[in-house]
Amino acid sequence: HSGWKFGWGRFSEVDLFTDRHESNAETLSQAIRAAASEEPDADGSVLFGQLKGTVVGLRYYSGVVNQGEMVGLVRQPQNPYDRNAVMVANIYGNQVGHIKKELAAAMAYIMDNNLAKVEGVVYSGTKNTYTMPVMLSFWGKEESKNSVLEHMSRRGYKLNTEGGKLKGTPCTILKNAFDNLFEGLMESKDGEKEAASVATPLLLHQKQALSWMCARENKAALPPFWEKRGELYYNTLTCFSAKELPERVRGGILADDMGLGKTLTVIALILTNFHKGKPLPVEKCVSRSVLQSFQAICFMSNLCSLITKCVFTCVQVEKVSPIKAKMTSQMALTLEEGSVLFEDLDFAAALSGSTSDTGSKKKKTDKKSSLTQSAESSIAESTDDLKARTTLIICPLSVLSNWLDQFEQHVDPNVKLNVYLYYGPERNRSKKFLSSQDVVITTYNVLSSDFGNKSPLHGISWLRVVLDEGHIIRNPNAQMSKAVLDLKAQRRWILSGTPIQNSVRDLWMLVAFLGLKPFDTREWWNRVIQRPVTQGDRAGLQHLQTLVKYITLRRTKNSEVNGRPLVSLPEKKVYVEQVELSQPEREEYELARTEGKNTIGRYVRTEGTVLRNYADVLAILMRLRQHCCHPDLLAKISSDLGAAATPAELRERLIEKLRLVLASGSDEECSVCLDSVRLPVITHCAHVYCRPCIAQVISTSGQEVARCPLCRSEIKTSELVEFPQEEMEEENSTKSERWRTSSKVQALMGNLLRLRSKDSSIKCLVVSQFTRFLTILETPLREHGFSFVRLDGTMTQKKRTQVIQEFQSSAADSPTIMLLSLKAGGVGLNLTAASHVFLMDPAWNPATEEQCIDRCHRLGQKRKVVVTKFIVKDSVEENMVKIQRKKQDLMEKAFGSTNTDRKTSRIDDIVALMEL
DNA sequence: ACCGCCGGGTGCC
DNA sequence: ACCGCCGGGTGCC
């Protein structure tokens, strides 16, 4: 009997984070994680009350707690002695004891049914070997409060509901503080480091980043909130203390603005910081013939006489190929130090944990293969730490080619770095092969599709994992995120130009990936950081700031080092070119404008109907904007806006509206998630949302009927209309009509021809929100013999990459013009070959235009950048520009506005546009 | 004494 | 646990 008990005891005693007992550790950590993840969010939870309880059985477990330390409570429904058991664990997941059974019996029901989340604090420390008191706090949804209180009191436990209220702080102040979270993270992070084997000289701020990253990987500084107290390490937030140095976070978030060269910095890091600050040992890259003669010598010769023979060979080679003189002398030098073909001394030294100096001395006397020896020493000291060689880079497909280019471009050509692209159906899944590479690059999609399917990537112990565009994995429930969290790595990096977009919640995934204990467990994150912050607790925000500061380096384009801007880009000039419409164009335009003005005016005068008819309003504006570009852009207009006679007709009209809204280039945002719409659907009241968003609104409305968040009309899931698939491809069908020109087309062509005659090497981006306009432009470009490519959202990734490569090429016959759809390709697109940008039509959102311009006005741009915006005189376009200016001002003044603010400002925009 | 009382053994869930 | 509880030993005062 007692043997069984002991076994069970040990079973629950495992350490959550060291995996000492692997299978058991998983069971317990899974239990804690599962318990923590079931709760939807700390947001919106209220404190029901508190209760003093007893933790018993302390003497059976090794987990210790300090006075004031937080403890976790985990249900153990499988406990053979009591199915109501509630386990108590400290922050490291070490079991401390159990909740006394009567209390556990009362709590079990509440915990199992998710009526409340129970948290414990040991307020009085351990005075007694057997039991200790614990303060339990019950948190949950307001609607569960009474049933929880009642349930507990029926069992004789009265929750103290006094004094638990948190003092609220004005939210606005905190909101601003949160916005500033990522500001000023450059302080005291100076120090520069030169990169090894990188052909491109690093800029000052990149050297600083490299130095910071190396320090983050090498130095054993205490993580935030830890301090040394005597012989122990003490966490000031959780009051947990430990004998061992808390595991440091080897890595962090590099959140520099895009264009500051994060990719280059990471490449430099890979080459510069292998083990113990030594560079990655890489094969010297020599011409094939040299390599072959070397190999021949190496195989044939007795290793003892190797050095002289190799040097001899080098001299011979030098005669044959004088250009390589520098390289061969470098090789001879290497050989004198006793290495064989590979510069493996550093590697061997790193493996054995000794420095490279002593390593090479040793090799001088002992001429046996250094490789064999290094293998032996690595086994002797088999801490897995030193075996890992490979850096795994995970990125979105869209920037994959960029990584490959950058490796090609920046790695010293005399050095052979093994970079493997783990992508495509033919990818090499051999773990042995992959872990012998220096760098493996893959995409989030490949990673998550491999995940759970005996993924080789998850079976390798990586030296380093780098998440590019790391904000992609902000949703912890996504398959991708789970796949990322399951990777084994010594060092972890997140690259992101936009670290927090929405809230504290997004940060958790990043913290969890970095393994910043104990916050990688959701429960502790919620308790210590997220809830305090969302409830307006200043200390909580302070803690969050400390935490973020510890792991993040962020500089913006406007940051300065020693009073100088980080990067000096070539000058950029923006011109507005007014376009006059021709007489017939003007007449058509005025006709449409009068009609539209009347319609919208009606909506504005009738209080509250603008939002209701939002899609119509956008459609009208859209038509006017199309008139400004080219008459053929106008879609076959489907009648006016009266009530539809049949359901089929209604559906047809809704689809038409949806099409117009989506095609309007207004970068429509979903009013539920405030992000760009994904999987767009339109309601019968003609408002566009993401399907999942609006479906959630409907299912959680709690009322008998769900209402549209924008206009309060009744909505039903069955009445949501999607964009039919066939419609998507129909776009190209209007092609066959006879081509005609327009004033704007003329204006563009004039510019292009003038530029070409001045300097035929200049490349241009021609940007429009209307892909059909781009199609129209193809005709005159072809006519005038321009070589051009086209990039829009409909193209496959493969095609995009190809087009970008073509355009970026400096070959004489490479295309000089790129037709670019405004929204095509995310940030990070590199089009520095172009130095002139023509914006054919103004965008609603000036930031979109800026982003587009930044694709060529960024690091790597050698020429002055000239931007020309075509604006039709006396038109809706002019008003749009005015609104843009106003928006820019507003943006700069107050950051972050509410949803209603945005919508009202949209209405104001519309009124201003139509000059009502 | 089919009790009370004493004192040793014992002890989470 | 410097407790409560259990069950055996014991038995007027």
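So you know, we letter chains A, B, ... as the sequences are listed, proteins then strands, and number each from 1.
- Of the possible donor and acceptor atoms, none in the side chain of A/Trp508 sits under 3.5 Å from a partner among the backbone N and O of A/Asn526.
- One C1' atom belongs to C/dC13, the other to B/dC2, and the distance between them is 25 Å to the nearest Å.
- Following rounding to the nearest Å, A/Glu102 (CD) and B/dC12 (C1') show an atom-to-atom distance of 11 Å.
- Taking atom CG of A/Asp82 as the reference point, atom C1' of B/dC12 lies 10 Å away to the nearest angstrom.
- Straight-line distance from the CD atom of A/Gln95 to the P atom of B/dC13: 12 Å, rounded to whole Å.
- Side-chain contact check for A/Tyr234 and A/Asn66: no donor-acceptor pair (N or O, by modelled atom type) lies under 3.5 Å.
- With rounding to whole Å, A/Met107 atom CE is found 19 Å from B/dC12 atom P.
- Within a 6.0 Å radius of OH in A/Tyr109, other residues, nucleotides and ligands contribute 12 heavy atoms or fewer.
- Between the side chain of A/Tyr60 and the base of B/dC13, no donor-acceptor pair under 3.5 Å is found.
- Among pairs with a residue in residues 476-492 of chain A, those fulfilling salt bridge (Lys or Arg N to Asp or Glu O under 4.0 Å) read A/Glu217-A/Arg491, at least two apart in sequence or across chains.
- Applying the 3.5 Å distance criterion, the base of B/dC13 shares a donor-acceptor pair with the side chain of A/Asn79.
- Rounded to whole Å, atom P of B/dC12 lies 17 Å from atom CG of A/Asn84.
- Because its NZ or CZ atom is not both nearer than 6.0 Å to the ring centre of A/Tyr422 and within 45° of the ring axis, A/Arg429 does not count as a cation-pi partner of that residue.
- When both pairing distances are held under 3.5 Å, C/dC3 makes a Watson-Crick or G-U pair with B/dG11.
- Relative to the six-membered ring of A/Trp493, A/Arg464 misses at least one condition, a distance below 6.0 Å or an angle of at most 45° to the axis.
- A/Leu58 comes within contact range of no nucleotide atom at all, as no heavy-atom separation falls under 4.0 Å.
- The interatomic distance linking A/Leu73 (CG) with B/dC13 (P) rounds to 15 Å, in whole Å.
- Spacing between atom NZ of A/Lys101 and atom P of B/dC13 amounts to 4 Å, rounded to whole angstrom units.
- Look at CD on A/Gln76: it is 12 Å from P on B/dC13, rounded to the nearest Å.
- Between the side chain of A/Ser496 and the backbone N or O of A/Gly470, no donor-acceptor pair lies under 3.5 Å.
- Distance check on atom P: B/dA1 versus B/dC5 gives 16 Å, rounded to whole Å.
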Are there any protein N/O atoms within less than 3.5 Å of an N/O atom in nucleotides 1-3 of chain C, and if so, which ones and at what distance?
residue: C/dA1; atom: N1; partner: A/Arg59; partner atom: NH2; Å: 3.3

